[in-house]
Amino acid sequence: MNARPTPAPQYPAWPQFDDGERDGLLRALEQDGWWRMGGKEVDTFEQEFADYHGAPHALAVTNGTHALELALEVLGVGPDTEVLVPAFTFISSSQAVQRLGGTAIPVDVDPYTYCIDASAAAELITTRTRAIMPVHMAGHMSDMDGLAKIANDAGVAIIQDAAHAHGATWQGKRVGELGSIAAFSFQNGKLMTAGEGGAVTFPDSESYEQAFLRHSCGRPRTDRRYLHQTSGSNFRMNEFTAAVLRAQLARLDGQIDTREERWRLLGGLLGEIPGVVAQSRDERCERNPHYMAMIRVPGITEEQRNELVDALIERGVPAFAAFRAIYRVDGFWEKGAPAETVEEIAARCPVTEELYRDCVWLHHRTLLGTEQQMHDTAAIVAEVLAAR
């Protein structure tokens with residue numbers, strides 16, 4: 001007689017909110033202005049977010065994609081420039097480069113952390129390379145030591161895509177203490193959210209001031225005569241978004257502590273399931289906020305992986321297929337693509353070729369559950385795989 005299947009865990013909901021968000025929205029509503037030039041919420045959030053990440057400056061913007069675009073523009077990315085981006089990432093990483101007229105060069109990733117492979121990046125630097133964009137995949141920080149040496153030797157910038165990495169640390173340093181610009185996202189599924197939103201942290205006043213101008217149509221803060229000093233767009237965050245994010249930031253540390261503790265349990269349990277390989281961790285990444293709980297089932301096809309995701313969702317586990325290789329979607333080739341074919345890029349990105357077919361991730365609210373729910377989650381994964 002077959003054992004009864006493990007019941008669906010009742011994970012915590014996401015997003016999470018309480019009176020902190022309610023009070024913040026009312027505070028923003030009752031102040032004199034509802035946009036950043038007249039209110040106080042955006043200014044205060046920027047200071048709190050910068051302090052939390054050890055950055056001299058933070059600039060709040062409309063979303064994470066705009067955060068990347070703005071940061072790249074400040075670094076001088078445009079026509080006739082290249083930016084090295086991971087081949088395994090959400091498409092915004094490459095599209096932000098391409099929308100500015102630059103060329104996005106896909107780079108293979110590490111088979112254990114799924115972050116950009118520093119040695120592969122070193123081989124792809126040319127005289128047109130303006131920046132390297134490490135994506136801190138699922139909250140695990142990229143090899144910032146190796147990338148810093150490569151960037152310094154080549155005279156190129158680093159821009160951290162930290163959309164998954166709020167609160168992460170590398171060798172005792174927070175994202176804002178690593179000497180490079182970093183871009184964050186506050187989209188609905190992120191580690192802290194207001195539905196949408198983004199931020200850029202800066203290591204110096206010059207880049208911050210240029211970004212401020214460009215995020216506000218090139219207009220200085222005190223301008224009254226429409227004397228726009230640079231090109232730009234309207235990437236300004238509104239006061240209500242900032243008020244919500246201030247409350248979200250206040251509880252982030254506690255949530256990260258819980259996710260770190262739960263992943264130690266869940267990651268170990270998943271690793272005991274035959275055929276399952278969990279994302280590894282470089283010991284230099286001392287704090288991982290775990291935007292995703294990522295696993296691989298090496299050897300399965302993309303279709304089988306998709307069936308696995310569907311089966312997990314049916315069992316109540318918030319599972320998702322991993323990102324496609326950026327060079328295997330039509331949008332990558334519309335503009336700003338390298339002078340290579342899909343198969344040529346694939347040949348130098350063997351890890352990415354495997355990951356986009358056999359990788360599954362679970363939403364981070366899974367890791368806010370109880371210890372028993374970690375056991376139940378692993379049991380459901382094992383049961384679904386055994387039924388294949």
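Along the sequence shown, residues are numbered consecutively beginning with 1.
Both Val109 and Phe323 are part of a single hydrophobic cluster, where members link through side-chain heavy atoms under 4.5 Å apart. Side-chain heavy atoms closer than 4.5 Å link hydrophobic residues (I, L, V, M, F, W, Y) into clusters, and following such links, even through other members, never connects Tyr112 to Met141.
Not one N or O on the side chain of Glu340 forms a donor-acceptor pair closer than 3.5 Å with the backbone of Ile345. No donor-acceptor pair under 3.5 Å is formed between the side chain of Arg357 and the backbone N or O of Gln304. The backbone N or O of Asp204 lies less than 3.5 Å from a partner atom in the side chain of Ser207, making a donor-acceptor pair. Without hydrogens or angle criteria, Ser216 side chain to Leu213 main chain gives no donor-acceptor distance under 3.5 Å. Remark: side-chain polar atoms of Arg305 are not paired, donor with acceptor, to backbone N or O of Ala321 under 3.5 angstrom. Within the 3.5 Å criterion, the main-chain N or O of Asp358 finds no donor-acceptor partner in the side chain of Glu302.
Aromatic ring orientation, His363 versus Trp14: tilted (interplanar angle from 30° to 60°). In this pair, Tyr291 and His364 present their aromatic rings tilted. The plane angle is within the 30 to 60° band.
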Discussion item. Please determine whether ring pair (Phe, Tyr, Trp, His ring centres under 6.0 Å) holds for the pair Tyr114 and His140, giving the CA-CA distance in whole Å, both sets of side-chain angles, and the decisive distance to 0.1 Å.
Written reply: CA-CA 9 Å; Tyr114 314 158; His140 190 294; 9.1 Å; no
Worksheet item: Given Thr241 and Glu196, is the side-chain hydrogen bond (donor to acceptor under 3.5 Å, both in side chains) satisfied, shown in steps?
Response: CA-CA 8 Å; Thr241 297; Glu196 288 286 3; over 6 Å; no
Practice prompt. Start with the C-alpha distance between Phe45 and Phe186, add both sets of side-chain angles, then the distance that settles ring pair (Phe, Tyr, Trp, His ring centres under 6.0 Å), and finish with yes or no.
Written response: CA-CA 13 Å; Phe45 170 66; Phe186 308 126; 5.7 Å; yes
Worksheet item: Can Arg128 and Thr81 be said to form a side-chain hydrogen bond (donor to acceptor under 3.5 Å, both in side chains), step by step?
Response: CA-CA 5 Å; Arg128 296 175 60 197; Thr81 66; over 6 Å; no
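Between the side chains of Gln255 and Gln16, at least one donor N or O lies within less than 3.5 Å of an accepting N or O. A donor and an acceptor atom, one from each side chain of Thr352 and Asp108, are located under 3.5 Å apart. A donor and an acceptor atom, one from each side chain of Gln47 and Asp51, are located under 3.5 Å apart. For the residue pair Asp161/Ser93, the side-chain donor-acceptor check at 3.5 Å is satisfied. Counting only N and O atoms by type, the side chains of Gln171 and Asp145 include a donor and acceptor under 3.5 Å apart. Looking at Arg214 and Ser233, their side chains never bring a donor and an acceptor atom within 3.5 Å of each other. A donor-acceptor contact closer than 3.5 angstrom is absent between the side chains of Glu82 and Thr103.
Partner of Ile116 under the side-chain contact (heavy atoms from CB on, under 4.5 Å) criterion, chosen from Asp110, Val135, Ile132: Ile132.
The local environment of CH2 in Trp34 is sparse, with at most 12 non-hydrogen atoms from other residues, nucleotides or ligands closer than 6.0 Å. The number of heavy-atom neighbours closer than 6.0 Å to CZ of Phe17, taken from other residues, nucleotides and ligands shown, is 12 or below.
Here the straight-line distance linking atom CE of Met192 with atom CD1 of Ile256 works out to 10.0 Å at 0.5 Å rounding.
When ring centroids are compared, His53 and Phe184 come within the 6.0 Å threshold. Two rings, from His57 and Phe212, have their centers 6.0 Å or more apart.
Cluster partners of Ile313, using a side-chain heavy-atom cutoff of under 4.5 Å among ILVMFWY residues and allowing indirect links, are Tyr11, Trp263, Leu265, Leu266, Leu269, Leu270, Ile273, Val276, Ile295, Val297, Ile300, Leu308, Val309, Leu312, Val317, Val360, Leu362, Leu367, Met374, Ile380, Val381, Val384, Leu385.
A cation-pi arrangement is absent between Arg221 and Trp35 under the rule of less than 6.0 angstrom and at most 45 degrees off the ring axis.
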Could you pull out all donor-acceptor pairs under 3.5 Å where a side-chain atom in residues 147-156 meets a protein atom, sequence neighbours excluded?
unit_1 : atom_1 : unit_2 : atom_2 : d
Lys149 : NZ     : Asp153 : OD2    : 2.8
Asn152 : ND2    : Ala148 : O      : 3.1

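Residues satisfying the side-chain contact (heavy atoms from CB on, under 4.5 Å) test with Thr169, not counting sequence neighbours, are Arg174, Glu286, Arg287.
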